Amino acid sequence: MVVPRGGQSSGQCPVDKEHPFAGAQAQRLPPAMHCLRLALGLGFCLLLGITLCSLWMYVENWLLVSYIPYYLPCPEIFNMKLQYEEEPSQPVAQSQYPQPKLLEQKPTELLTLTPWLAPIVSEGTFNAELLHHIYQPLNLTIGLTAFAVGNRYTRFVQHFLESAERFFMQGYRVHYYIFTHDPQAIPQVPLGPGRRLSVIPVPGPSQWEEASMRRMEAISVHIAKRAHREVDYLFCLDVDMAFRNPWGPETLGDLVAAIHPDYFTVPRHQFPYERRPVSTAFVADGEGDFYYGRAVFGGRVARVYEFTRGCHMGILADKANGIMAACQEESHLNRRFLSHKPSKVLSPEYLWDDRKPQPPSLKLIRFSTLNKDTARLRS
Amino acid sequence: MDPRDFWGNRTKSCLCLILLFAVLLGFYSNVFSLIPRRQTEKSQSSPEAHHVQGRRESLTLSEGDGHLDSCRIPEVPRLLYPKAQLLKPSRVDVLVMTPWFAPVVWDGTFDSALLDVQFRNTTIGLTVFAIKKYVVFLRLFLETAEKYFMVGHKVIYYVFTDRPADVPQIALQDGRQVVVLHVGNYRRWQDISMHRMEMISNFSRQRFLREVDYLVCLDVDMKFSDHVGVEILAPLFGTLHPGFYAADRQSFTYERRPLSRAYIPRDEGDFYYAGGFFGGSVPEVYRLTTACHQAMTADQAQGIEAVWHDESHLNRYLLSHKPSKVLSPEYLWDERMLQRPPLLRKLRYVAVPKNHTEIRN
């Protein structure tokens, strides 16, 4: 605490210097004048104190938050309430489909429900026609983001978009967002009716890790600026992959994650979570549901905004502490999905690695890596 | 003279100094304590967490939204629980998910601890109708509800009755209360049953919307015999009727006369839902009950009454507005009328023996 001692004030309580002089002076002053001086001195001290106090508060705030950029909140999203809540109760037009059989469990080898009662989507668990009847009348627009940052990745865009045109959300309005440092490198791919493409320029990366760490930021800023007005659902996919089979409205949900193909048979203590407690992406040994892949996630646009913003904050906090998570962005994604559990989980059919042999439990691979083709493309 | 005055003045100066110091100290200490300091939120410990508390997100963008946003992704603090095995389905003997992704809730498909944490700030309303002689069922109903229904959560029991004085006083746990709603009665029991829809609809708009997040609408002539918790909560849920869970859709006792609003053709229908256990978020229950009431009124104008009254209309509604969760027959059973199959590991809500003719006279 500072007790200001201003020598220049005339109202200063005669305290510290030159006692005999002060004393002599004081002797000559009448008592009223003395009180007045005292009051003035007190008042001045208070004023000085308040000024210093508020100055300190400003400085303190500035010091603490200078490294976290300020994002414009997007109020429209949070007022965009619940028109989708209609979803489960929209009247379904009459359609013919077989009665669900309660007691005849088809031998699906995969778990179909998580312990928090979120569906796990795989072939055989849903009736595509019925879902189409439910979702088609809602007039939805589905967004799809893909990052082609770096010359390595722009060459995948053509094949990615062509396969998406064949298999992704057929019969719905789709809006592709391709984020790239080089808009010229994005080829013109013919698009079906109701489908659009937008190229979003982003700064080029210095390294792959740097690019992948900025993906969350880019997506959340993009949603705040544009996407929340243009699409209802948003999927964020990796571009060095391709669609192999139909990907339809069975994947739509509040917050959707996909199980990583390399870890779905592995016990949780072998998941490549970030294990250093100092990181914000830290997951302790006895924790974890599934290991989700960073190449596929999505959901309603407001949820994806919250999700990517949360991940980005975690990444920034780690950056400030000089730490980079073990699997970069994927570690943060998994940490976030642990505390904000997805409302729908996609089986590895929706995120597969073609180098692995397809197990019998996965009936229909819909989206997988391009490894074989990459070798062909390079040659 | 001089030295004495001088000394007096010196004392005065010292006293001034001390006074000034004291005032400033008092002032600044108060000022500092009144200024709200920016703190990062400390995570709260939950009873299940065994680990050292990790950081909880201090983001508040998604919090603070009302009661009504039942579709928000709730945040769960760190918990220990066994991991789900992707290659080991939880139940192989029964269907656990409908083709429109609604979970069918059986024992073994869900983790109660996890769900309790997800739904920790939820208030559940339970509506029950005890008209005329049915008040005698209230005591057992409420006592068993206290033991098994949504334990650990905030519950409001809405007891609709024409005899408020006959509502028994039950010892209630913390966070639970009974609200007695005085309503009129009807001569025929079918009318009483059907007008439940109208009353729930009216009160949803007037009160339930403000007071609770979810509504569960139950029959009173039953009792709870095992855990019924937040695993049932969803925007809209129905329960499989114990008599028809294994039946073909042709043999469901839907209303089959095209004249009625509750008509369902023989080649349509997913399940036969029971009229004694349904619910959902307040807006959805409001829509359901309003639609059913309007349909029943229209039928009455046509001079027709659906074969199973409000249950027929409920089934009609749930056919075109597919529920987001379906409860297995564990959640509504009658031990005397049906033999318990091995696929029912638990009986949670069961019928109480009653003399139909006497009680409905």
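These values consider heavy atoms only, across backbone and side chains, with no hydrogens, waters or symmetry-generated copies. Chain A is the first sequence line, chain B the second, and so forth, proteins listed ahead of strands; every chain is numbered from 1. Note that the coordinates shown come from a computational prediction; the quantities given were computed from them, not determined experimentally.
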Can you tell me how far apart CD (A:E250) and CD (A:E123) are? Round to the nearest 0.5 Å. 8.0 Å
With under 30° as parallel and over 60° as perpendicular, where do the rings of B:F271 and B:Y273 fit, or are they tilted in between? perpendicular
Looking only at non-hydrogen atoms, find the nearest pair between B:F237 and B:G280 and report the distance. CE2-N, 3.5 Å
Contact origin within A:F271 toward chain B - heavy atom pairs under 4.5 Å: side chain
Between A:D318 and A:S279, do the side chains contain an N or O donor and an N or O acceptor separated by less than 3.5 Å? yes
Heavy-atom pair with the smallest gap, counting every atom of A:E306 and A:R336: O-NH2, 3.6 Å
Contact leader toward chain A among B:D270, B:L240, B:V105, where contacts are heavy-atom pairs under 4.5 Å: B:D270
Looking at every non-hydrogen atom in both residues, tell me the closest pair between A:A118 and A:K344 and how far apart they are. CB-N, 4.2 Å
Below 4.5 Å, heavy-atom pairs only: which of A:F126, A:F290, A:F307 has the largest tally toward chain B? A:F126
Looking at chain A, which one of B:F110, B:W100, B:F101 has the largest number of heavy-atom pairs inside 4.5 Å, strictly under? B:F101
Could you grab the distance from atom CG of B:L115 to atom CZ of B:R120, nearest 0.5 Å is fine? 12.5 Å
What part of B:A247 gets within 4.5 angstrom of chain A, counting heavy atoms only: side chain, backbone, both, or neither? backbone
Chain A heavy atoms under 4.5 Å from B:F252: which part of the residue, side chain, backbone, both or neither? side chain
Who wins among A:V121, A:L338, A:V283 for the most heavy-atom pairs under 4.5 Å with chain B? A:V121
Let me know if A:P359 has heavy atoms under 4.5 Å from chain B in its side chain, its backbone, both or neither. neither
Please flag which part of A:S361 lies under 4.5 Å from any non-hydrogen atom of chain B: side chain, backbone, both or neither. side chain
Given that the side chain runs from C-beta out, which part of A:L131 has a heavy atom under 4.5 Å from chain B: side chain, backbone, both or neither? side chain
Heavy atoms only, distances under 4.5 angstrom: which of B:L288, B:L343, B:T109 has the most pairs with chain A? Name it, please. B:T109
I want to check a possible cation-pi pair here: B:R316 against B:Y272, using under 6.0 Å from ring centre and within 45° of the ring axis as the test. no
Taking side chain as everything from C-beta outward and backbone as N, CA, C, O, which of these in A:I120 sits under 4.5 Å from a heavy atom of chain B? Side chain, backbone, both or neither. both
Would you say the side-chain atoms of B:Y331 and B:E231 include a donor-acceptor pair closer than 3.5 Å? yes
In terms of heavy-atom pairs under 4.5 Å, which option from B:L86, B:D111, B:V326 contacts chain A the most? B:L86
Heavy-atom distances under 4.5 Å only: say whether B:K83 touches chain A with side chain, backbone, both or neither. both
If you measure from OH on B:Y214 to CG on B:L236, what distance do you get to the nearest 0.5 Å? 11.5 Å
For B:L87, is it the side chain, the backbone, both or neither that has a heavy atom under 4.5 Å from a heavy atom of chain A? both
